[in-house]
Amino acid sequence: MLRSRILENKLSSLYKAGKIVGGVYLGKGQEAVSASLGTALNPETDVFSALIRDQAGRIAFGEPLLDCTRSYLGSVEGPMRGRDGNIHRGRPKEGMPAMISHLGSQVSLVTGMLFAKRLKDPTSRAVGATCVGDGATSTGSFHEGLNVAAVEKLPLVVVVANNQFAYSTPNYRQFACGDLVERARGYGVGGFSVDGTDLIACATVMREAVRRARSGDGPQMVVAQVLRLSGHGEHDDGSYVPEDLRSGHYGRDCIEVAIRQLTDRGIVTVDEIMAWQEQNAEEVQRAVAQAQQEQAPDPYQEDWSALSTRFPLCQSGNQPIAQ
Amino acid sequence: MLRSRILENKLSSLYKAGKIVGGVYLGKGQEAVSASLGTALNPETDVFSALIRDQAGRIAFGEPLLDCTRSYLGSVEGPMRGRDGNIHRGRPKEGMPAMISHLGSQVSLVTGMLFAKRLKDPTSRAVGATCVGDGATSTGSFHEGLNVAAVEKLPLVVVVANNQFAYSTPNYRQFACGDLVERARGYGVGGFSVDGTDLIACATVMREAVRRARSGDGPQMVVAQVLRLSGHGEHDDGSYVPEDLRSGHYGRDCIEVAIRQLTDRGIVTVDEIMAWQEQNAEEVQRAVAQAQQEQAPDPYQEDWSALSTRFPLCQSGNQPIAQ
Amino acid sequence: MSVTYIDAIREAQAKLLGEDERVFLYGQDIASFGGAFKATKGLAEAFPGRVFDSPISEDAMVGLAIGAAIEGMRPIVEMQFADFSSIAFNQIVNQAATHYYRTGVPIPITVRLPSGGTPGSGPFHSQSMEGIYAQYPGLIVLTPATVSDAYHMLIDGVALDDPVLYCEHKFLYRWLKAKSINGEHLPIGQARITRPGKHATVVAYSAMVHEAVRAADRLLEESGWEIEVVDLRSVKPLDMDTVLASVARTGRLLALGEAFPWGGVTAEVVSRVTEEGFHLLDAPPQRLNARDTPVPYHPKLWAAHRPTPESICDALRRLLSF
Amino acid sequence: MSVTYIDAIREAQAKLLGEDERVFLYGQDIASFGGAFKATKGLAEAFPGRVFDSPISEDAMVGLAIGAAIEGMRPIVEMQFADFSSIAFNQIVNQAATHYYRTGVPIPITVRLPSGGTPGSGPFHSQSMEGIYAQYPGLIVLTPATVSDAYHMLIDGVALDDPVLYCEHKFLYRWLKAKSINGEHLPIGQARITRPGKHATVVAYSAMVHEAVRAADRLLEESGWEIEVVDLRSVKPLDMDTVLASVARTGRLLALGEAFPWGGVTAEVVSRVTEEGFHLLDAPPQRLNARDTPVPYHPKLWAAHRPTPESICDALRRLLSF
Ligand SMILES: Cc1ncc(C[n+]2csc(CCOP(=O)(O)OP(=O)(O)O)c2C)c(N)n1
Ligand SMILES: Cc1ncc(C[n+]2csc(CCOP(=O)(O)OP(=O)(O)O)c2C)c(N)n1
Ligand SMILES: [Mg+2]
Ligand SMILES: [Mg+2]
């Protein structure tokens, strides 16, 4: 999560320097949730469909830093080859589906991956996880996907990172129940609540949710309370978040909390953390530098085809590029 | 509900005699649920968006018999003028929206009608109700609509007639919770369970749900357990419903139960019921006869326009009818 | 013994399930019930654990299929009616259709769309959505018109690595019969000359091929006009070679479809022909589609809403009069 | 002082809220935040109780608007991006679009669709869906290209009794400026000759009108060709009179759009012109659209995906060479 924070700070400055086109969407303040989910999974067998604020989870699950910097900086070497960018990236064949923007849509997709894994091998113990925000729980797609997973009793873990806002929209304009975890029972799935600013609590809950899913208890839903410590995207100052929330319990920085937790318990020393920090900063710097020196996609080289199939009898209808 | 049953029996024979084109969808066995909802509403002010199996509720809410027979028999005099038929009928301006087939879609529509009523008159005490089946609860549209109504705290009553099957699909392939009423809490809405074969129980629960909605408690969800005593449509023999369900508690005929309840309590006599029956049979017969003698729509007279607006500068693009 | 169009669809699925373990079927009421139209009758019993009833969740049905396809499966999703695919629209056009271009991983799913009008089916059980889906890059849209094509194109479609919308016409289900399914087997992407002629070309697909042939028979009898009928077979990809070769022979084009009249397949055909074969045309190309209203319920309105042999003859007479 | 395209959209909504109590606004983040693009900035404060933040529920947003319209209101729904209207697709094309034909009760809702590409927006924040919605009977599809049209067409669209898809182009939001919004005020259903010419007609709409004008300027300068540019303003209804009159003057047609190349607006325009004005054409009509792939993220790919003044000039030169 430390590496994620350093990377995201770098992305933010690149954006502000005009080096990234489009948008930059950060997971600051949500690293404990995301990283502990990524850590609880097994990258060899499991599926992790990261969403907007899952840089930390991506790193924990094993996504190379370069996938991130190449996607943001539009390198043709990245997994999306400039065709898609920023958080819309992934390696579907390696258990990392690439999100589409339409919120909620990944739930049934991960469900389908798990459905297939079970069909191919009834003894499969692979788990699939995805994160959604509080806002995404209002989508029909979320509902349909989670319900189907429950009917099929698939090992799906859905983490709702309730950061109190969907863009500018506060929880009370998004849902009317007390806590979103109250939805779990209605789907017939396991439900967990956790303080998303507390790394140790998150790690414990995620591990347990993943364990239950893996052991055949069907889908598990974890609702983590957090606050994002950035705007919706780096174009947004998030000024709609009231001061008392920012200065309240969930406004605390989960990384500071984690450092305190780990040092208090003597698991790491401050010096070690400083060393990590430095090492990560270097790695991030390298990943940025490499992506920046790589080629942008070239429209003349681009294979302008949305299909993998070629139909020799039918012309493409695509116009040549004007010179 | 007696009238509904007589009408539906008639529709079934008309269908079997080839006098109705398309399909016939009956509410046999669900009359207690539907009628008690229709009765609990005020047709002057309220909204009732009937679904597939709501013939009894339609009658209770005040829909004329002729609306039904004209729609099924394709009379041009009916509210749908032959453009739509069977259960896809209504009088939206009189509080009776006409369902589209896509299940779940009416929930947000009724929500919008209530939203508008409150905007127009903040003291409005109008309630809006709609029925859905167990299957329709799996739609994203149901989820989005109910959640929006809950956020807006609108006086919506959603009745889930859980007849154990969606077409041929049993509950265990549709949802994974014990009872759909467990969903209420996750939406932050009121929840009621009721035996849908028990008229008095239904009447009590519907009245209470409507009262709470009307008094400002926000949406209410009533889950009624029933069994349909017909196929999905009259083309279907419903043979997938296992014998033990048919012969079990919910397989009992709510009309027989109601007659017993009412006569046992001395509210009506058997003679009175026989008289109603006769009177209703006559009225149904009249409504059928009238619709049958009315004109079918005439394609040459038809105003083939999907818009109420006419654009004088733009031709319609519609071809003349071949002679 | 004869085979209907829907028999062919069922047989194709049986063959696919039998020969390719990556194939499974997912849809509402398709397992023990065999589907609303019985297109999967007996398959759940014959292939245990391969045919699944889904909840009423079209968005999730397609989402699940896409996920399974990423994992190497070849799911076939049955929509109960094409019209209900509007609920799965986002998963189809944004998730499935963009996936290969974005990630390089193709999505071999097949979505079966029971399409087209039948009397009394009304606005929500009658739609023809091929012209909607074909607008999106990344989708293949098949529209079989014959029993043999219903069979072979479903098998060939499932074999493609890309998402396929398989538009099967409900009116043909039981009405269209063949002696066997071993008709001429053309590859996907090749159109067929269903009926040769020399005075005008009707380009049609799905059920309208048969209405075009009826109209052509009538005109031949009435006035000796010889009308060529081209069956597109797939609307995306579009086999313009066959279409242009036909127009080169006849000099006249009527594009015929059952969908709504704005845009869609007939507009694409007319535009491609005029762009690429303007000099071949001896008369203004014409289109005939359904009317610009929802599909009406009443059989009398329905019959006047869609093209019929009468209205096709009228359109052809107009075309031949130039 | 100047007014941008998005100012005009905001001003139009302010005027509507001020003058018609049936109007309310519903959408994600549109109340105190003022919307993702600030198209409703300040309106929640100026009109308390008339501007509402919705949950992330596009299907329910449109369903709610339809219900409110039945009750006599005139809701304006803001989609955060046109692309997300795919979630509301069913409510738009099946509930709103069929309602008047089925029940006789019209549905005066306006759905604002922030449309079209901008650099770096990628496959899901760049779509142009006018050609999808126009295929459905019962919908009106507006595509304003100027500041003044953005203003007047929104006001006129809300006044219509039928469902309106108002396609506003994101690229024009801040880039397009006018001295005032009091430009020429044409009725909905009438196209405009944006730039008169005599050698060829470009039929365009929305942002492509400006690219067409740029291309026309360039060709005039380079080689003296005088290109006429027609701005359709609304793609459904389509003002064929203006289009045909222009083609009658020039004899040559290029239909230009930013949407995907299969079907859509340009195919409808070419088909209508060839059907109704074949004899006016001196050369095969041409189309130029975006490429048949999702809209790419990278600005370099994006710029080659959509038509540009360069590719429009190329297409025009081809057209003029016949
Ligand atoms: C279906 C859909 N509608 C709208 C959007 C636009 N949008 C992108 S992010 C966002 C807010 C998401 O809120 P939440 O789910 O709480 O996640 P968070 O950003 O808070 O992490 C919105 C409305 C979208 N991506 N998808
Ligand atoms: C979105 C959608 N998908 C599929 C259908 C086809 N369909 C019509 S009724 C039905 C079953 C409905 O089951 P349920 O909601 O339980 O109601 P019931 O028929 O049992 O009263 C189905 C699948 C539909 N109408 N809408
Ligand atoms: Mg959030
Ligand atoms: Mg049911």
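Naming convention: chains lettered A, B, ... in sequence-line order (proteins, then strands); numbering from 1 in each chain. Note: hydrogens, waters and symmetry copies are ignored here, and every other heavy atom, side chains too, is used.
Heavy-atom pairs under 4.5 Å with chain C peak, among D:Pro296, D:Ala259, D:Ala283, D:Ala97, at D:Ala283. Of the listed residues (C:Gln286, C:Gln127, C:Arg287), the one with the most heavy-atom contacts under 4.5 Å to chain D is C:Arg287. Comparing C:Val235, C:Asp83, C:Thr98 by how many heavy-atom pairs each has under 4.5 Å with chain D, the most go to C:Thr98. In terms of heavy-atom pairs under 4.5 angstrom with chain D, the leader among C:Phe84, C:Phe322, C:Phe278, C:Tyr100 is C:Phe278. Ranked by heavy-atom pairs shorter than 4.5 Å toward chain D, the options C:Gly131, C:Gly277, C:Pro123 are led by C:Gly131.
Both the backbone and the side chain of C:Val265 come within less than 4.5 Å of a heavy atom in chain D. For D:Ala255, no part sits under 4.5 Å from any heavy atom of chain C, backbone or side chain. Contact of D:Gln91 with chain C is not made at all, since no heavy-atom distance falls under 4.5 Å. In this structure, chain D has no heavy atom under 4.5 Å from any part of C:Asp59. Neither the backbone nor the side chain of C:Ile92 comes within less than 4.5 Å of any heavy atom in chain D.
Between C:Glu268 and D:Pro261, the shortest heavy-atom contact is OE1-O, 3.8 Å. Closest approach of D:Asn94 to C:Ser86, counting heavy atoms only: ND2-OG, 3.3 Å. Contact between D:Pro284 and C:Thr274 at its shortest, heavy atoms only, is CB-O, 3.3 Å.
Taking CD of C:Gln135 as the start and CD of D:Gln135 as the end, the distance is 5.0 Å to the nearest 0.5 Å. Annotation: the span from D:Tyr136 atom OH to C:Met129 atom CE amounts to 3.5 Å, rounded to 0.5 Å. For the atom pair OG1 of D:Thr266 and CD of C:Glu275, the computed distance is 7.5 Å after rounding to the nearest 0.5 Å. To the nearest 0.5 Å, atoms CH2 (C:Trp262) and OG (D:Ser271) are separated by 10.0 Å. With rounding to the nearest 0.5 angstrom, the CD1 atom of D:Ile132 is 9.5 Å from the OH atom of C:Tyr133.
No side-chain heavy atom of D:Arg272 sits less than 4.5 Å from a side-chain heavy atom of C:Val270.
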For a side-chain contact (heavy atoms from CB on, under 4.5 Å) check, start with the C-alpha distance between D:Phe89 and C:Ile87, then their side-chain angles and the critical distance, and finish with the verdict. CA-CA 7 Å; D:Phe89 191 64; C:Ile87 309 291; over 6 Å; no
Stepwise side-chain contact (heavy atoms from CB on, under 4.5 Å) check, C:Arg102 with D:Thr293: CA-CA 10 Å; C:Arg102 294 169 64 236; D:Thr293 72; over 6 Å; no
